[in-house]
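First comes the structure, then the notes that go with it.
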Amino acid sequence: MKELLEKVFLRNRTTGKFETAELFHGIDETNLSHIEGRWRPLFELRRAEAIASGQTMSDINAEDGHWD
């Protein structure tokens, strides 16, 4: 079950500007499907590109690479 906790402001590391984001507790089937079908494949591609170019995950703005 997913529940909206509050709206927060996060700094966009690329632009340096603050953006509004919604903070949720939990996930739903749509979130899980999105993670497995879209996010993970793109993330793995970026990881391979970073390794091939000698960069770190931080260098390519993917510092959450250690998350499981």
Checklist entry - If you group Ile, Leu, Val, Met, Phe, Trp and Tyr whenever their side-chain heavy atoms sit less than 4.5 Å apart, what else falls in with L4? => result F24
Checklist outcome for this item: I27 and N31 have their tightest heavy-atom pair at CA-OD1, 3.6 Å
Next on the checklist: More than 12 heavy atoms of other residues, nucleotides or ligands under 6.0 Å from CD of E44: yes or no?
Outcome noted: yes
Next on the checklist: Are F18 and N12 packed together at the side-chain level, in the sense that at least one heavy-atom pair is separated by less than 4.5 angstrom?
Outcome noted: no
Checklist entry - Distance from H25 atom NE2 to L5 atom CG, nearest 0.5 Å? => result 7.0 Å
Item to check | Separation of K2 NZ from D28 CG (nearest 0.5 Å) | outcome: 4.0 Å
Checklist entry - Rounded to the nearest 0.5 Å, how far apart are CD of E36 and NE2 of H34? => result 11.0 Å
Next on the checklist: Would you compute the distance between atom CG of L23 and atom NZ of K7 and round it to the nearest 0.5 angstrom?
Outcome noted: 12.0 Å
Checklist outcome for this item: Under a side-chain separation threshold of 4.5 Å, the hydrophobic residues clustered together with I51 are none
Checklist entry - Could you state the interatomic distance from CD (E22) to CD (E6), rounded to the nearest 0.5 Å? => result 11.0 Å
Checklist entry - Just by distance, do the side chain of S53 and the backbone of E49 share a donor-acceptor pair under 3.5 Å? => result yes
Checklist outcome for this item: Correct closest heavy-atom pair for I35 and P41 would be O-CD, 4.3 Å
Item to check | Nearest heavy atoms of A50 and T56, plus distance in Å | outcome: CB-O, 4.3 Å
